[in-house]
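Some notes on the structure that comes next.
Only heavy atoms go into these numbers, but all of them, side chains included; no hydrogens, no water, no symmetry mates. All residue numbers refer to positions in the sequence shown, counting from 1.
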Amino acid sequence: MPDWSEIPLDLLVSIGRCLNLIEDYLNFGSVCKSWHSVATKNNFNNDLCRAPWLMLAEEEDNEVRKFFSLYNGMILNKRIPKASRKRCLESMGWLITVGEEGEISLLHPFSGVQIELPHQNTTVDYLNHEIDPRTCFIGKAILSASPSHTSDYLLMVIDGNQRFLSFWRPGDIRWTRVKCEGIKYCSFTDMIFFNDQIYSVDYSGCLLVCDVADVVGPELTKCHILAQIPTEPQDMPEHVYILESLGSLFVIARYGVQLRLVQDDCDRVPLTIIPIIQIIQEEEEIREDMVCEDITYGTTNFRVFQVDLAAVKMTETRELGDAAFFLGANASLSVQASRCPGIKPNHIYFTEDFYETYLSYEEGGGLDMGVFNLADGSIQPHYNGVSLSRFCPPTWVTPTPY
């Protein structure tokens with residue numbers, strides 16, 4: 001048998017640059033040490049579409065994470081001990097891991113490169129907003145640029161039970177709270193870097209904006225509300241996302257993620273609810289004597305709004321063209337379906353990221369996952385056979401070389 005590790009490096013580089021799928025490229029780097037040494041971003045075909053993979057929930061007492069490709073159904077097993085028993089958010093192919101004691105790090109899942117970040121308790125006024133350090137304090141995290149390509153980047157997070165924005169830069173020893181001027185109270189759900197500005201959305205569907213230069217400067221950050229989703233009071237979204245697609249901003253409202261009363265038997269979920277009085281609101285408070293079996297949850301609908309920054313308004317649309325959206329604990333993302341085999345255009349691929357709900361069940365989260373057809377409103381669930389988790393349900397991860 002030939003010794004594949006003895007193939008000359010220049011030949012390996014030539015082979016790597018001929019690969020047309022990121023799946024093949026990552027498998028290429030897993031053959032042996034010499035092959036792994038050339039599987040870098042410098043030898044990578046950057047024209048390839050990098051559709052997110054689904055990182056499945058960690059199985060009990062197992063450091064191996066499974067990554068599922070929508071292109072061919074391939075499952076890549078990757079041992080990631082640094083992510084064991086940690087909640088994982090994602091941005092630009094990097095995991096933002098949060099441990100049980102509140103420790104945080106940036107982790108590249110395919111290379112194992114780790115960047116330690118300041119502890120959550122270095123955030124301003126941390127003790128007054130501390131809840132569960134692993135699941136609740138940080139709600140979302142986004143990078144301004146990939147650490148794989150530059151050391152000049154920001155990591156922005158929503159923290160303090162969704163009430164604040166904070167950031168970290170390489171070299172900082174603590175988190176810096178963004179002090180917003182002009183905004184009394186917000187409950188942030190998502191954010192994005194776009195054209196040297198930070199756009200964020202809250203649970204009421206408001207779109208807010210501030211300049212990146214103001215955020216990192218010493219003065220108060222001037223934030224203001226640009227627009228709000230046009231909804232009726234009885235139709236307020238339960239979760240809101242924002243992303244960029246082909247140069248335009250889109251705000252997406254999600255419904256059904258919070259606990260609610262069962263309407264019929266097909267509405268029930270095959271999970272064991274923790275027997276405590278649930279603090280949720282419908283038209284009226286649920287009675288304390290309400291049995292646990294009367295409670296359910298699960299995504300029922302999405303509404304998509306395209307942002308017109310010139311006219312300062314949002315218009316609902318049910319047509320994304322060639323785009324497909326990926327939503328969850330990842331940085332909200334759009335890809336061109338025609339460049340990504342296996343991806344359906346005008347669809348929303350979603351995972352469970354509403355921790356207030358999945359922490360109410362003994363099995364944890366991961367059940368509320370599937371594909372939403374924006375044209376007809378149908379949902380294809382994708383939870384069969386998927387492991388659940390109380391600290392890290394399945395998460396979209398964009399595969400990238402380090």
Is any side-chain heavy atom of W175 closer than 4.5 Å to one of V124?
no

For N330 and T395, test the side chains for any donor-to-acceptor distance below 3.5 angstrom and give the result as yes or no.
no

F302: partners by ring pair (Phe, Tyr, Trp, His ring centres under 6.0 Å), with sequence neighbours left out:
F350, F372

Test side-chain contact (heavy atoms from CB on, under 4.5 Å) on Y349 and I343 and set out the steps.
CA-CA 9 Å; Y349 293 77; I343 304 300; 4.0 Å; yes

So, using ring pair (Phe, Tyr, Trp, His ring centres under 6.0 Å) as the criterion, who are the partners of F167 when residues are at least two apart?
none

T272: partners by side chain to side chain donor-acceptor pair (under 3.5 Å), with sequence neighbours left out:
E363

Those residues at least two apart in sequence (or on a different chain) that pass side-chain contact (heavy atoms from CB on, under 4.5 Å) with E116 are S105, Q114

For a quick check under 3.5 Å, do T150 and D152 share a side-chain donor-acceptor pair by atom type?
no

Residues which pass ring pair (Phe, Tyr, Trp, His ring centres under 6.0 Å) with Y255, listed by chain and number, not counting sequence neighbours:
none

Is S146 close to Y153 at the side-chain level, that is, under 4.5 Å between some pair of heavy atoms?
no

Holding to side chain to side chain donor-acceptor pair (under 3.5 Å), I want the full list of residues that pass it with S378, two or more places apart in sequence or in another chain.
D376

Under a 4.5 Å cut-off applied to non-hydrogen side-chain atoms, are E319 and L374 in contact?
no

For residues F110 and F67, establish whether the separation of their ring centroids is below 6.0 Å.
yes

May I ask you to check whether W94 and T400 show a side-chain donor-acceptor distance below 3.5 Å?
no

Residue pairs, two or more places apart or on separate chains, that pass salt bridge (charged side-chain N to carboxylate O under 4.0 Å, His left out) and touch residues 248-259:
R254-D353, R254-D368

Step-by-step salt bridge (charged side-chain N to carboxylate O under 4.0 Å, His left out) determination, D159 to R177
CA-CA 9 Å; D159 64 17; R177 172 67 46 78; 3.5 Å; yes

Quick one: are I96 and L106 in side-chain contact, heavy atoms under 4.5 Å?
yes

E352 meets the side chain to side chain donor-acceptor pair (under 3.5 Å) criterion, sequence neighbours left out, with Y297

Does P345 have any side-chain contact (heavy atoms from CB on, under 4.5 Å) partners at least two apart in sequence or in another chain, and if so, which?
D322, A337

Rounded at 0.5 Å granularity, tell me how far OG in S69 sits from CH2 in W53.
6.0 Å

Partner set under side chain to side chain donor-acceptor pair (under 3.5 Å) for R174, not counting sequence neighbours
none

Determine whether the side chains of S111 and H108 contain a donor N or O and an acceptor N or O closer than 3.5 Å.
yes

Quick one: list whatever passes ring pair (Phe, Tyr, Trp, His ring centres under 6.0 Å) with F354, sequence neighbours left out.
H239

For A323, the side-chain contact (heavy atoms from CB on, under 4.5 Å) test, sequence neighbours excluded, returns S245, L320, F325, S334

